[in-house]
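Everything on this sheet refers to the single structure shown next.
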Amino acid sequence: MPTILGQNQYGKAENRVVKITRDGATHHIKDLNVSVALSGDMDDVHYNGSNANVLPTDTTKNTVYAFAKEHGIESAEQFGVHLARHFVTSQEPIHRARIRIEEYAWERIEASGEAGHSFVRKGQETRLTQVTYDGAHWEVVSGLKDLTVMNSTDSEFWGYVKDRYTTLKEAYDRILATSVSARWRFNWTDDAQEMPDWDASYARVKQHMLRAFAETYSLSLQQTLYQMGSRVIEECAEVDEIRFSLPNSHHFLVDLEPFGLKNDTPDGAVYFASDRPYGLIEATVLRDGCEARIPVDLTNL
């Protein structure tokens, strides 16, 4: 045979699941986007079309919805663990399950009278998790994207390499803004270990990232990134690795001199927010002695 089959997987992607839990007049929302990918003894279906080992992707979709009802959704990570364990342990041909979940947050609308059923979508960030199980070992990588942050001062950028094409002026007081995309890997890998409190851990990681961003006097976005990652590793014992992708959202002073106006004055300034092109700063921060496993390209995770 001139060709052989390489890595393969299949499943149902982007199952939108909204679970409403009713506690009397007070309701609670879990809003997920769940993707299932399964792999194992799938040579025959590729080579000769035999579906004997194939669990239909429609069944994986149905399982997602049934589990949301039967088991509830305590957290994105816990829901992913339930699903991955089920697919690997209930289907002999399936050796590995990968569950990817995006979670969209909602907050209750405060109103007079009973308003336990009214919500507005939170806009800060999207929570992410990827749970992988091979029947013996777990890998849980969680994260977030689209967390937009800004420091209006305490940021500089100077002393950089200059050549004949350099036009950027050195900055000793600038806006530092970015949209944080981050993934972090837990050191929980088998059922013998105590499982982390997923929701508490997520809140703790986000809190330390934001505090490090706010408290770092930045001489470069790279320095700020490293401080954010270091704070998470130092303060969150359950995390061994964190990777960031940080676009530098440039803000340029607008030239107002043609209108007889001085822009950058002690009482403030007007900036043009440029969405592209942008500098893109990416790096991984690790606990000493640990191996990097999060993909370099976060678009694949």
Side-chain angles (χ1 to χ4, degrees), residues 4-22 28-104 126-143 183-202 238 293-295 300-301:
I4 60 172
L5 179 66
Q7 192 279 337
N8 61 90
Q9 60 192 33
Y10 78 103
K12 189 72 83 175
E14 301 204 42
N15 300 282
R16 291 290 282 105
V17 184
V18 178
K19 174 68 165 63
I20 305 296
T21 301
R22 299 184 179 95
H28 307 274
I29 294 179
K30 282 290 188 178
D31 186 354
L32 308 181
N33 188 22
V34 182
S35 295
V36 177
L38 309 176
S39 56
D41 294 332
M42 298 297 157
D43 288 4
D44 285 348
V45 67
H46 290 88
Y47 288 139
N48 55 48
S50 170
N51 292 315
N53 287 345
V54 175
L55 182 72
T57 64
D58 189 68
T59 303
T60 68
K61 175 203 69 177
N62 293 340
T63 305
V64 169
Y65 290 111
F67 269 44
K69 180 62 176 178
E70 292 177 352
H71 300 285
I73 302 174
E74 179 183 323
S75 66
E77 289 85 355
Q78 186 66 59
F79 192 58
V81 167
H82 281 314
L83 287 169
R85 191 192 304 276
H86 166 78
F87 288 123
V88 172
T89 60
S90 67
Q91 301 294 326
E92 185 176 347
I94 296 174
H95 301 165
R96 183 175 183 269
R98 187 197 70 198
I99 313 297
R100 287 180 172 172
I101 300 177
E102 296 182 347
E103 179 174 353
Y104 313 113
T126 299
R127 180 174 170 176
L128 309 167
T129 193
Q130 174 176 291
V131 178
T132 306
Y133 183 53
D134 63 6
H137 299 98
W138 296 93
E139 182 181 78
V140 180
V141 178
S142 293
R183 310 289 189 276
W184 51 90
R185 180 173 55 83
F186 292 91
N187 49 39
W188 179 77
T189 58
D190 64 68
D191 289 317
Q193 297 174 264
E194 182 179 357
M195 189 179 294
D197 182 331
W198 304 113
D199 284 344
S201 179
Y202 180 85
E238 70 277 15
R293 297 179 186 171
I294 297 175
N300 291 324
L301 178 59

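A distance of 4.5 Å separates CG of L38 from CD1 of I94, quoted to the nearest 0.5 Å. Atoms CG and OG, on L128 and S142 in that order, are 8.5 Å from each other to the nearest 0.5 Å. Distance check, rounded to the nearest 0.5 Å: CG of D197 to OH of Y202 gives 14.5 Å. To the nearest 0.5 Å, the span separating OG1 on T60 from CG on L83 amounts to 9.5 Å. Taking CD of E77 as the reference point, atom CD1 of I99 lies at 13.0 Å (rounded to 0.5 Å).
Of the possible polar contacts, none joining the T126 side chain to the Y104 backbone as a donor-acceptor pair under 3.5 Å is found. Between the side chain of Y47 and the main chain of L5, a donor-acceptor pair closer than 3.5 Å is present. Between the N187 side chain and the R185 main chain, no donor and acceptor come within less than 3.5 Å of each other.
Nearest heavy atom pair, residue F79 against residue L32, reads CD2-CD1, 3.8 Å. When every heavy atom of A84 is checked against every heavy atom of V131, the shortest pair comes out as CB-CG1, 4.3 Å. Residues D134 and V88 share a closest heavy-atom pair of C-CG1, 4.1 Å. When all heavy atoms of M42 and V54 are compared, the closest pair comes out as SD-CG2, 4.2 Å. K30 approaches S75 most closely through the heavy-atom pair NZ-CA, 4.3 Å. For the residue pair D190 and W138, the shortest heavy atom distance occurs at CA-CD1, 3.9 Å.
At a threshold of 4.5 Å between non-hydrogen side-chain atoms, the residues N33 and I101 do not count as touching. Two residues are said to be in side-chain contact when any heavy atoms from C-beta on lie closer than 4.5 Å; Y10 and L55 meet this criterion. For the pair M195/Q78, a side-chain contact is recorded, criterion being any heavy-atom separation below 4.5 Å from C-beta on. A 4.5 Å side-chain heavy-atom check between V45 and N53 finds every atom pair outside the cut-off. Contact annotation: the side chain of F67 never approaches that of V34 to less than 4.5 Å [non-hydrogen atoms, C-beta and beyond]. T59 places a side-chain heavy atom less than 4.5 Å from the side chain of T63. Looking at heavy atoms from C-beta onward, V81 lies out of side-chain contact with Y133 at the 4.5 angstrom threshold.
Remark: R98 pairs with no residue by the side-chain hydrogen bond (donor to acceptor under 3.5 Å, both in side chains) rule, at least two apart or across chains.
The salt bridge (Lys or Arg N to Asp or Glu O under 4.0 Å) test with D31 is passed by exactly one of R16, K19, R127: R16.
The environment of CD in Q9 is crowded: more than 12 heavy-atom neighbours from other residues, nucleotides or ligands sit within 6.0 Å. With a 6.0 Å radius and a threshold of 12 heavy atoms from other residues, nucleotides or ligands, Q193 has its CD atom above the threshold.
Using cut-offs of 30° and 60° on the angle between ring planes, the pair F186 and W198 is perpendicular.
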